[in-house]
Protein chains: 2
Amino acid sequence: MVENKKNRRRGDQLQNDIYQAAYNLLKKEGYTNLTFSKIAKAAQTSRSVIYRYWDTPFDLVFEMIHNQMKDSGQIANTNLNGKNLQENLFIIGKSLTTGFNIVLTEFNKMMLSEMIEQPQKIHKLFDEINTGNLQIIDAALQMAIDNKEIKFMPSQQVRLSLFHLIRYSYVIENHNLDDAQLLELINEIVLPAIVASQK
Amino acid sequence: MVENKKNRRRGDQLQNDIYQAAYNLLKKEGYTNLTFSKIAKAAQTSRSVIYRYWDTPFDLVFEMIHNQMKDSGQIANTNLNGKNLQENLFIIGKSLTTGFNIVLTEFNKMMLSEMIEQPQKIHKLFDEINTGNLQIIDAALQMAIDNKEIKFMPSQQVRLSLFHLIRYSYVIENHNLDDAQLLELINEIVLPAIVASQK
DNA sequence: ATAAATAAGATACTTTGAGTATCTTATTGA
DNA sequence: TCAATAAGATACTCAAAGTATCTTATTTAT
């Protein structure tokens with residue numbers, strides 16, 4: 001059976017194949033080397049098709065990640081079944097660090113390098129991320145309030161510190177915290193800040 | 001008086017002029033749009049001259065920043081004349097935030113976007129930065145020990161938290177902390193972590 | 001069932017910059 | 001003052017951006 005060269009993918013299927021090709025290239029060669037030409041070749045389509053959907057590789061990857069987030073649901077539905085606040089913070093931190101992958105890292109770097117040109121888009125995305133992060137940590141803190149571990153909500157800066165420090169390590173220093181380091185971070189910085197906020 | 005087209009800059013002067021041109025372009029258009037062609041045109045020299053000194057725009061800017069750091073001496077010589085640990089932490093944080101400028105920001109983003117291709121160089125630089133940061137905060141903490149404010153040095157993670165959180169805000173969220181936010185960061189996170197480390 | 005609309009895919013062209021190589025010429029310093 | 005060195009000009013190939021035009025497979029509506 002000879003393959004029929006005339007089969008044409010369309011719409012969502014075509015877009016997903018292109019995303020997949022871009023994903024693999026991003027993983028292999030990084031954002032700097034990502035071009036429409038390479039993506040088209042990898043996805044076995046034409047450059048003109050890609051131009052019809054996206055203006056730049058940035059737009060393509062941006063929408064790819066957004067798409068991916070929609071499907072995977074992010075950490076928002078993490079199951080907070082720790083027996084106290086410390087354990088729930090660990091669960092949250094852990095789900096953040098394991099959620100990292102090379103494409104998200106490349107995406108982070110890409111966003112930073114494009115910040116000067118796409119500030120609106122990127123600020124909006126960080127707002128989305130912070131909102132999601134606050135949702136999950138606020139759930140953990142509310143449980144701690146219900147359990148009388150703490151009395152009231154700390155400031156936003158304190159509530160986001162866990163995420164910011166993990167993300168600093170991962171995005172900027174290119175290092176994913178192991179369990180011991182995550183625990184250290186929680187015990188030495190995040191929990192003391194929460195405790196101090198209660199006075 | 002007609003200008004003499006045959007005057008040739010050389011060595012350090014030429015390099016500094018090229019750095020200056022690159023600096024202005026970086027500030028105006030960001031790292032993504034920085035090309036040897038544009039730099040050469042802006043510096044009124046030839047592309048081949050630039051290739052003789054650097055392999056890529058990344059290398060050029062990397063060395064430019066290193067050069068600039070050498071001259072300005074960084075925050076290492078900050079004068080810690082606060083009357084207690086809290087004031088000295090504020091002085092340190094302040095000198096970090098005021099030391100930021102658009103070129104350093106672009107540089108940070110550039111480094112992140114090149115991390116996949118230049119990991120050695122960049123890890124080395126982050127080590128340098130952390131070492132410098134530890135030097136200055138350790139000086140402040142040693143003064144606090146001498147004054148009996150604290151008894152011993154906190155862990156490295158705690159000592160670097162001030163820098164990491166400031167840098168997170170600046171590099172990743174593109175937002176420079178004002179005095180009130182810096183003070184909040186110190187009072188709500190850094191100092192509680194230091195205090196907790198004393199038990 | 002077929003025609004019209006739509007989207008995929010091929011191709012061609014211009015422009016820009018990377019990277020390399022070669023040449024001339026200004027400047028330095030032995 | 002002459003040889004060595006570095007600046008600067010120029011020319012070439014290649015890859016990719018961006019745009020435009022054309023054909024053709026597939027879908028949709030009649």
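Bear in mind that the values here come from a model prediction, so they are computed numbers and not experimental data. Residue numbering restarts at 1 for every chain, and letters A, B, ... go by the order of the sequence lines.
Residues meeting the side-chain contact (heavy atoms from CB on, under 4.5 Å) test with D17(A), sequence neighbours left out: R9(A), Q13(A). Judged as a side-chain contact (heavy atoms from CB on, under 4.5 Å), and not counting sequence neighbours, the contacts of N81(B) are N79(B), I91(B). Contacts of E87(B) classified as salt bridge (Lys or Arg N to Asp or Glu O under 4.0 Å), with partners at least two apart in sequence or in another chain: K83(B). Residues satisfying the salt bridge (Lys or Arg N to Asp or Glu O under 4.0 Å) criterion with R10(A), sequence neighbours excluded, are absent altogether. Take F90(B) and apply the ring-ring contact (aromatic ring centres under 6.0 Å, His included) test, not counting sequence neighbours, and it matches no residue. In this structure, the side-chain contact (heavy atoms from CB on, under 4.5 Å) partners of D178(B), at least two apart in sequence or on a different chain, are A180(B), Q181(B). Residues meeting the side-chain contact (heavy atoms from CB on, under 4.5 Å) test with Q86(B), sequence neighbours left out: N84(B), L183(B), I186(B), N187(B), L191(B).
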Could you list, one pair per line, each protein nitrogen or oxygen that sits under 3.5 Å from a nitrogen or oxygen of nucleotides 22-24 of chain C, together with the distance?
none

What's touching nucleotides 11-16 of chain D from the protein side, N or O pairs under 3.5 Å?
none

When the side chains of residues 40-52 of chain A are checked against the rest of the protein, which donor-acceptor pairs come out under 3.5 Å, sequence neighbours left out?
| residue | atom | partner | partner atom | Å |
| --- | --- | --- | --- | --- |
| S46(A) | OG | S48(A) | N | 3.4 |
| S46(A) | OG | S48(A) | OG | 3.1 |

Only pairs under 3.5 Å count here: list side-chain donor-acceptor contacts from residues 136-155 of chain B, not counting sequence neighbours, and write none if there are none.
| residue | atom | partner | partner atom | Å |
| --- | --- | --- | --- | --- |
| D138(B) | OD1 | R159(B) | NH1 | 3.0 |
| D138(B) | OD2 | R159(B) | NH1 | 2.9 |
| Q142(B) | NE2 | D146(B) | OD1 | 3.2 |
| N147(B) | ND2 | M143(B) | O | 3.3 |
| E149(B) | OE1 | L85(B) | N | 3.3 |
| E149(B) | OE2 | L85(B) | N | 3.0 |
| S155(B) | OG | E188(A) | OE1 | 2.5 |
| S155(B) | OG | V158(B) | N | 3.4 |

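The two atoms that bring D55(A) and F36(A) nearest to each other are O-CE1, 3.6 Å, heavy atoms only.
Nucleotide dA7(D) holds its P atom 17 Å from the OH atom of Y51(B), rounded to whole Å. In this structure, CD1 of I50(A) is placed 13 Å from P of dG18(D), rounded to the nearest angstrom. Here dT16(C) presents its P atom at 18 Å from CD1 of I39(B), a figure rounded to the nearest Å.
Close to dG8(D), at under 4.0 Å from its OP1 or OP2, lies a side-chain N or O of T45(B). A close approach under 4.0 Å does not occur between any side-chain nitrogen or oxygen of N7(A) and OP1 or OP2 of dA8(C). At the phosphate of dA6(D), neither OP1 nor OP2 sits under 4.0 Å from any side-chain N or O atom of Y53(B).
Interface residues of residues 10-19 of chain A facing DNA chain C, ordered by number: R10(A), G11(A), L14(A); criterion, heavy-atom separation under 4.0 Å.
Comparing atom distances between the R9(A) side chain and each of dG8(D), dG18(D), dG9(C) picks out dG9(C) as nearest.
Ring geometry for F58(A) versus Y31(A): interplanar angle over 60°, hence perpendicular rather than tilted (30 to 60°).
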